[in-house]
Protein chains: 2
Amino acid sequence: MTKEIKQVPEPVLRRLPRYLQILHRMKEDGIREVSSTKIADELSLDPTQVRKDIEFTGIVGRPKTGFLIPELIQAIESFLNWDNINDAFLAGAGSLGTALMGYPNFKSYGLNIVAAFDNNPGKTDGLIRDIPVIHIDKLTDLAQRMHIHIGIITVPAPQANAVAAMMVEGGIKAIWNFAPVQLRVPEDIIVENVLLHAGLSVLKRKLGQVLKDQLQG
Amino acid sequence: MTKEIKQVPEPVLRRLPRYLQILHRMKEDGIREVSSTKIADELSLDPTQVRKDIEFTGIVGRPKTGFLIPELIQAIESFLNWDNINDAFLAGAGSLGTALMGYPNFKSYGLNIVAAFDNNPGKTDGLIRDIPVIHIDKLTDLAQRMHIHIGIITVPAPQANAVAAMMVEGGIKAIWNFAPVQLRVPEDIIVENVLLHAGLSVLKRKLGQVLKDQLQG
DNA sequence: TAGATTGTTAATCGATTAACAATC
DNA sequence: TAGATTGTTAATCGATTAACAATC
């Protein structure tokens, strides 16, 4: 059993990319240094929280001045493993899959979609956004031979688990799942779910409350 | 200042749709009753947590048997405001916007995209997925006149804040933001961010750890 | 009845926020 | 130096988990 020295809380991992977003903008504006106070202001967060998050990356700042922006960007991107490019397979060349294939920023996040898979013969053996689309039956074999570690699932919900099983059999270690389904995979497989309906629920519930309050004055 | 009787924690709002997912499947399978233990098992959650979450919806179960599935579904959907359909505007008729316009499930979540907006004249004045695409300049005026409350932002990051401003001016109260940008909007506007790079960061970081551990044995 | 489950209160856990000495 | 910020420890807050009487 591998003992993690210091588990990084997920909220930290989710905030760090937001820091990067504004750090890159500042860098483009020619700013050289930034304090955690400034970052916190921009994102409406607590300065102590920002400092603690940054601490996880191992970088040290300087009292009074703060952090050198290029150094900080480098530290966060390395910590998030963005400077290490991973090849990925995408299953489900529908409209969402196509949108992801065309998303230009993934490259800078270290994600490289090398092939897409679909069960529709009308789609396979062509290119979408310069990425080859292959029949889903070949996913497992190709994943094994190409040593792919990341799988992206954008198939309809009923097929998601079957696709996940193919990915696992092909040696894929981490699945980015866009289907609104609980995937049943071995414990050691990393699953990151994009639950659009969860976010929408939060939004609709809050909106419903606000509109109700307005009616009541 | 409106005092909320009982603020619902966001984690609760994010778990409830997952319950719905398996409840619908069970209902289709002809199952009539379910216990919180069963739901917890299916989703690898704590039974007490499930019971507490369900309690928020106001429904009462019966000892030994649990909850009647149709009643439970109804209670959760009503609590999440899904049975109340909201019209929405979508800004940015690119590939992601197109994917969302074609997403069939939104209707059952109570979201109805009535129009899309874009600044590309080649896209406007046509239909995408049966939804009219209109020039972005008309968004504010139309939102006002149609009393739209929800805006969906799928434009590129640099334009997101300008679009958000138009939406707010048009009276939109809640924004579902897919652009990786911190929106600057008035405090009373509800913003729900879909941060794809955050999820990807968690995935890549965990994968990096696992692969490193493997090398070290 | 016996037994599983609910509803609810108490204990635990972890993340956020506050406080403050050290530092450039 | 004076003052803002870092790094870090302590206090708070809220969510998760445990415990258990009530109930069908």
Side-chain angles (χ1 to χ4, degrees), chain A residues 3-19 22-23 26 31-69 71-73 75-76 79 198 201-202 205-206, chain B residues 3-19 22-23 26 31-69 71-73 75-76 79 198 201-202 205-206:
Chain A
K3 171 112 169 296
E4 295 290 305
I5 314 275
K6 200 194 268 186
Q7 250 311 30
V8 185
E10 274 203 29
V12 175
L13 295 177
R14 290 183 191 279
R15 277 190 300 266
L16 287 171
R18 300 179 62 198
Y19 303 168
I22 60 165
L23 290 171
M26 287 173 175
I31 303 169
R32 303 197 89 90
E33 291 178 321
V34 70
S35 68
S36 44
T37 319
K38 186 85 177 74
I39 296 174
D41 270 3
E42 294 265 347
L43 299 172
S44 304
L45 297 172
D46 185 280
T48 306
Q49 185 171 64
V50 174
R51 233 174 298 140
K52 280 206 155 185
D53 289 350
I54 289 175
E55 214 185 314
F56 276 104
T57 69
I59 199 176
V60 285
R62 279 179 310 183
K64 181 152 184 175
T65 50
F67 302 87
L68 289 172
I69 289 181
E71 262 182 44
L72 185 52
I73 288 175
I76 297 177
F79 182 74
S201 292
V202 175
R205 163 81 196 175
K206 287 183 181 170
Chain B
K3 171 113 170 295
E4 295 290 306
I5 313 275
K6 200 194 264 185
Q7 252 307 35
V8 184
E10 273 203 30
V12 175
L13 295 177
R14 290 184 191 281
R15 278 190 300 266
L16 287 172
R18 300 179 63 198
Y19 302 168
I22 59 167
L23 290 171
M26 287 174 174
I31 303 169
R32 304 196 88 89
E33 291 177 321
V34 70
S35 68
S36 44
T37 319
K38 186 86 177 73
I39 296 175
D41 270 2
E42 294 265 347
L43 298 173
S44 304
L45 297 173
D46 184 279
T48 306
Q49 184 170 65
V50 174
R51 233 174 297 138
K52 281 208 154 186
D53 289 350
I54 290 174
E55 214 185 314
F56 276 103
T57 69
I59 200 177
V60 285
R62 279 179 311 184
K64 180 152 185 175
T65 51
F67 302 86
L68 290 172
I69 289 181
E71 263 182 43
L72 186 51
I73 288 175
I76 296 177
F79 182 74
S201 292
V202 176
R205 162 81 196 176
K206 288 182 181 169

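None of the values given here were measured: they were computed from a predicted structure. All chains are named by letter (A, B, ...) in the order of the sequence lines, taking the proteins before the strands, and each is independently numbered beginning at 1.
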Asker: Between atom CZ in A:R51 and atom P in D:dA4, what is the gap in whole Å?
Answerer: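 Spelled out: CZ on A:R51 to P on D:dA4 is 14 Å.
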Asker: How long is the line joining CG of A:D53 and P of D:dT6, in whole Å?
Answerer: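 In whole Å, D:dT6 P lies 13 Å from A:D53 CG.
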Asker: Can you tell me the distance, in whole Å, between the NZ atom of B:K52 and the P atom of D:dG14?
Answerer: 14 Å
Asker: If you round to the nearest 0.5 Å, how far is CG of B:L68 from CZ of B:R62?
Answerer: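 Here the interatomic distance stands at 5.0 Å.
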Asker: Using Watson-Crick and G-U wobble pairs with both distances under 3.5 Å, what is the 5'-to-3' dot-bracket string of DNA chain D, with [ ] for crossing pairs and | for pairs outside the strand?
Answerer: ..||||||||||||||||||||||
Asker: Show the numbers, then the answer: is there a side chain to side chain contact (heavy atoms under 4.5 Å, CB included) between B:F56 and B:L16?
Answerer: CA-CA 10 Å; B:F56 276 103; B:L16 287 172; 5.6 Å; no
Asker: Measure from CD on A:E10 to C1' on D:dA15 and round the result to the nearest Å.
Answerer: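 Taking atom C1' of D:dA15 as the reference, CD of A:E10 is at 15 Å.
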Asker: If you measure from CE on A:M26 to CG on A:L23, what distance do you get to the nearest 0.5 Å?
Answerer: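 Taking CE in A:M26 and CG in A:L23, the distance rounds to 6.5 Å.
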Asker: Could you check how far CG of A:L68 sits from P of D:dT6, rounded to whole Å?
Answerer: 12 Å
Asker: Roughly how far apart are A:R15 CZ and A:I54 CD1, rounded to 0.5 Å?
Answerer: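 A:R15 CZ to A:I54 CD1: 11.0 Å, rounded to 0.5 Å.
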Asker: Does C:dC24 have OP1 or OP2 sitting under 4.0 Å from an N or O in the side chain of A:R62?
Answerer: no
Asker: Is the shortest distance from a Lys or Arg side-chain nitrogen in A:K206 or B:E10 to a carboxylate oxygen in the other one below 4.0 Å?
Answerer: yes
Asker: Would you indicate which nucleotide in C:dG3, C:dC24, C:dT6 comes nearest to any side-chain atom of A:K64?
Answerer: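 The answer is C:dC24.
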Asker: For B:V12, which contact category applies under a 4.0 Å heavy-atom criterion: base, sugar-phosphate, or nothing?
Answerer: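 It contacts nothing in the nucleic acid.
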Asker: Check B:I76 against B:Y19 and note the closest heavy-atom contact, atom names and distance.
Answerer: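 Where B:I76 meets B:Y19 most closely, the heavy atoms are CD1-CB, 4.2 Å.
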Asker: Can you tell me the distance, in whole Å, between the CZ atom of A:F67 and the C1' atom of D:dT5?
Answerer: 9 Å
Asker: Let me know the distance between CD of B:E33 and P of C:dT6, rounded to the nearest Å.
Answerer: 11 Å
Asker: When you match B:I59 and A:P63 each to their closest nucleotide on DNA chain C, which lands nearer the 5' end?
Answerer: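 Closer to the 5' end of DNA chain C: B:I59.
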Asker: Short of 4.0 Å, heavy atom to strand atom, which residues of residues 35-50 of chain B count as contacting DNA chain D?
Answerer: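 Hits under 4.0 Å, by residue number: B:D46, B:T48, B:Q49.
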Asker: Does a side-chain N or O of A:R15 approach OP1 or OP2 of C:dT16 to a distance below 4.0 Å, or not?
Answerer: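 Yes.
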Asker: Does this structure show an ion pair linking B:E55 with B:R51, if we count only N-O contacts that are shorter than 4.0 Å?
Answerer: no
Asker: Within the structure provided, determine whether A:I39 and A:L72 are in side-chain contact (heavy-atom separation under 4.5 Å).
Answerer: yes
Asker: First locate atom CD of A:E33, then atom OG1 of A:T65, and finally report the distance between them rounded to the nearest 0.5 Å.
Answerer: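 Taking CD in A:E33 and OG1 in A:T65, the distance rounds to 4.5 Å.
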